[in-house]
Amino acid sequence: MSMIAAFYSSKSILITGATGFLGKVLMEKLFRTSPDLKIIYILVRPKAGQTLQQRVFQILNSKLFEKVKEICPDVHEKIRPISADLNQHDFGISKEDMEELLSSTNVIFHCAATVRFDDPLRHAVQLNVTATQQLLFMASQMPKLEAFIHLSTAFSNCNLQHIDEVIYPCSVEPKKIIDSMEWLDDAIIDEITPKLIGDRPNTYTYTKALGEIVVQQEGANMNVAIIRPSIVGATWQEPFPGWVDNLNGPSGMIIAAGKGFLRSIKATPLAIADLIPADTVINLTLAAGWYTAVHRPKSTLIYHCTSGNLNPCNWLKMGLHVLETFEKVPFEKAFRRPKANFTTTSFTNHYWNAVSHRAPAVIYDIYLRLTGRKPRVTKLMNRMLRMLSMLEYFVNHSWEWSTHNTEMLMSMLSPEDQRMFNFDVRQLNWLEYIENYVLGVKKYLLKEDMAGIPEARQHLKRLRNIHYLFNVALFLIIWRLLIARWQMARNIWFFISSLHTL
Ligand SMILES: CCCCCCCCCCCCCCCCCCCC(=O)SCCNC(=O)CCNC(=O)[C@H](O)C(C)(C)COP(=O)(O)OP(=O)(O)OC[C@H]1O[C@@H](n2cnc3c(N)ncnc32)[C@H](O)[C@@H]1OP(=O)(O)O
Ligand SMILES: NC(=O)C1=CN([C@@H]2O[C@H](COP(=O)(O)OP(=O)(O)OC[C@H]3O[C@@H](n4cnc5c(N)ncnc54)[C@H](OP(=O)(O)O)[C@@H]3O)[C@@H](O)[C@H]2O)C=CC1
């Protein structure tokens, strides 16, 4: 019997961010491996015109939960959505709901966060720092609480090159930052943001670092652990390979490359691409929850959930795997054929952005205008370039994350748990993983049918012919222009023509 699965059986579990990418994988795994768990409380806000119940219904009806519904048919009765907005004081939770949460919760998984890189500091602090502080305050009033697991990121200290499983101090105490957000106006916050984030690339990594300090300080008397995943990708094995449901991290870029928008990327080809599958992150998270509650380590343990030091793969290898997979499973209605290269200098990056990104978009929009349609490609391209610029930092740096705690945790698991809650990335075959990832992006994000592959191939062939025709036409135009203006070109032309008449 799995010790971890047994631990979660009959427990009341509180999850924040359960509607997010990792939150859903976490809930799924909990229900699948511990169908006897008592209840999962999820803090959810109404969104996009959907009530809480509609949001839960949508999650349970997704492909991700198909297996769960077989194993645990009463799953909908075991999820209790609680109306909560983490931006509000006390999360806007009703008195009755709060009482129930405080009196019953055994384990908390705090996954909610803003993961946007460009969020204004005020909003990022509110969600990633203040809300974490409030949740810890709630946790401190829970008599039955056994573990509090906080999801952070391996990039919270990305200003360092070697990162240990410890919490690093920030120049300004989180409490001071939280306080200052109360009285500083937006203009001043915008002005001081670059100074505060220092050599971190964005408000996300900075506020996640502050969040960790808050967890350490406010959670000192609780059983607390912090998980630091690197770049989370589609699922590796469970509940099935390739599941992904948002555009964050590499997923959006895989779409951009597969649809022929992304043709070049400024990256360090031999830098480590520290991807980690979502199910690996969740297995480690659940194992850490069990270990924290049962073994009660004296201090807050931090677990690096990374792949680079155990099973490294670089961006070049990853990029090539992605491109190779497009040959087998092309995406539908591509703008251009999927073909991309890495640039390593700003000059070549600007050049390829102009030639391979902006120029084709402008030309296509002219064509759309001429044919009476609304131009749209330049706008899309600009959006992609903006996203690319936000991700650039992460593909041009390498980090070393030590994984002593993670390896220690692995050694504490029974053979059954090592199999059931596998987070040993040494077993991951990158080729196979990336193939499934690209396939998952096609099926679950783009919702494209495999039956459409022959037509997608035909479309790519047409694009290839258009590309050849375009190049020949361009060559002839340039050549004619040269002949008209340049004697040497005329001489070469006559020489070549005379060869034909020989
Ligand atoms: C040579 C061969 C190459 C082959 C390809 C190989 C792929 C390599 C890819 C390399 C990627 C490297 C990734 C590194 C990531 C590091 C992650 C660090 C880990 C973490 O801890 S955090 C989790 C990651 N967080 C993110 O990824 C968030 C990033 N997103 C943002 O911050 C914002 O979305 C962004 C980029 C600032 C854009 O903001 P904005 O302009 O306001 O746009 P919206 O967010 O409102 O979205 C508008 C529109 O675009 C869609 N969208 C959103 N994100 C993406 C995306 N990443 N790619 C594509 N499209 C995206 C969104 O759905 C909206 O669409 P609508 O249709 O609804 O308008
Ligand atoms: N994905 C990745 O690459 C990585 C993620 N992480 C960390 O893992 C955790 C989960 O990330 P991930 O699942 O990818 O993130 P998502 O963006 O997919 O999910 C974020 C979750 O937070 C919830 N949330 C955001 N704002 C509020 C709010 N005001 N009130 C209530 N809920 C809110 C969202 O709810 P709603 O659905 O209503 O928006 C959603 O459920 C985060 O802490 C992140 O920092 C770490 C490393 C990498």
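Remember, it's 1-based here, ligands and their atoms both numbered in the order they're listed.
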Checking heavy atoms under 4.0 Å, the part of K208 that sits near ligand 2 is side chain

Check: of R383, K339, R228, min heavy-atom distance to atom 48 (C) of ligand 1 comes from R383

Quick one: are the ring centres of W401 and F155 less than 6.0 Å apart?
yes

Check: of T132, I227, T19, min heavy-atom distance to atom 34 (C) of ligand 2 comes from T19

Counting heavy atoms under 4.0 Å, the part of S230 that contacts ligand 2 is backbone

Going by the 4.0 angstrom heavy-atom rule, the piece of L127 near ligand 2 is side chain

Please list, one pair per line, the donor and acceptor atoms closer than 3.5 Å that link side chains of residues 262-275 to other protein atoms, with sequence neighbours excluded.
unit_1 : atom_1 : unit_2 : atom_2 : d
R263   : NH1    : R337   : O      : 2.3
T268   : OG1    : N396   : OD1    : 3.2
D274   : OD1    : S230   : OG     : 2.7
D274   : OD1    : S307   : N      : 2.8
D274   : OD1    : S307   : OG     : 3.3
D274   : OD2    : G308   : N      : 2.8

Item to check | Any R55 heavy atom less than 4.0 Å from ligand 2 | outcome: yes

So, for Y437 and W236, is the gap between ring centers shorter than 6.0 Å? no

Among non-hydrogen protein atoms, atom 6 (C) of ligand 1 lies closest to V322 CG2, 4.4 Å

Short version for V395: what comes under 4.0 Å of ligand 1, heavy atoms counted, is side chain

- Item | Donor-acceptor under 3.5 Å (E165 side chain, H404 main chain) | yes

Restricting to heavy atoms, the pick from R116, M390, H321 nearest atom 39 (O) of ligand 1 would be R116

Does ligand 2 have any atom sitting under 4.0 Å from a heavy atom of N87?
yes

Ligand 2 and P229, any nitrogen or oxygen pair closer than 3.5 angstrom?
no

Nearest heavy atom to atom 28 (C) of ligand 2, choosing from V25, V115, L275, L86, belongs to L86

Original post:
Quick check: does any side chain N or O of K67 sit under 3.5 Å from a backbone N or O of P239, one acting as donor and the other as acceptor?
Top reply: yes

Ligand 2 to C111, heavy atom cutoff 4.0 Å, flagged ligand atoms 9 (C), 10 (C), 42 (C), 43 (O)

**Prompt:** Looking only at distance, does L247 have an N or O less than 3.5 Å from an N or O of ligand 1?
**Reply:** yes

Q.
Below 3.5 Å, N or O to N or O, backbone or side chain included: is there any such pair between N341 and ligand 1?
A. no

To atom 20 (C) of ligand 2, the nearest of S251, C305, G17, A113 on a heavy-atom basis is A113

The closest protein heavy-atom partner of atom 58 (N) of ligand 1 is G252 CA, 3.2 Å

Within the 4.0 Å heavy-atom cut-off, what T114 brings close to ligand 2 is neither

task: Could you tell me if any non-hydrogen atom of Y204 lies under 4.0 Å from any atom of ligand 2?
output: yes

Exercise. Backbone or side chain, does any N or O of W315 fall under 3.5 Å from an N or O of ligand 1?
Worked result: no

Taking the six-membered ring for Trp, is the centroid-to-centroid distance between F240 and Y444 below 6.0 Å? yes

In this structure, atom 16 (C) of ligand 1 is nearest to the protein heavy atom F394 CG, 3.6 Å

Applied to residues 324-333, the salt bridge (Lys or Arg N to Asp or Glu O under 4.0 Å) test, sequence neighbours excluded, yields K328-E435

In ligand 1, the atoms that come under 4.0 Å of a heavy atom of A340 are 1 (C), 2 (C)

Practice problem: Assess G249 for proximity to ligand 2: is some non-hydrogen atom of it under 4.0 Å away? | Solution: no

Logged contact type for R228 with ligand 2, heavy-atom cut-off 4.0 Å, is neither

Of all protein heavy atoms, the one nearest atom 9 (C) of ligand 1 is M253 CB, 3.5 Å

Counting heavy atoms under 4.0 Å, the part of N248 that contacts ligand 1 is both

- Message: So for ligand 1, is G249 a polar contact partner (N or O within less than 3.5 Å, distance only)?
- Response: yes

N/O to N/O below 3.5 Å, does that happen between V115 and ligand 1? yes

Looking only at non-hydrogen atoms, the one of R386, M387, R263 nearest atom 41 (O) of ligand 1 is R386

Does S152 have a heavy atom less than 4.0 Å from any atom of ligand 2? yes

*Does any N or O in the side chain of T207 come within less than 3.5 Å of the main-chain N or O of N128, such that one atom is a donor and the other an acceptor?*
no

Discussion item. Quick check against the 3.5 Å criterion: does S34 have a side-chain atom that pairs as donor or acceptor with the backbone of L37?
Written reply: no

### Message
Taking distance alone, with N or O pairs closer than 3.5 Å, would you say F117 contacts ligand 1?
### Response
yes

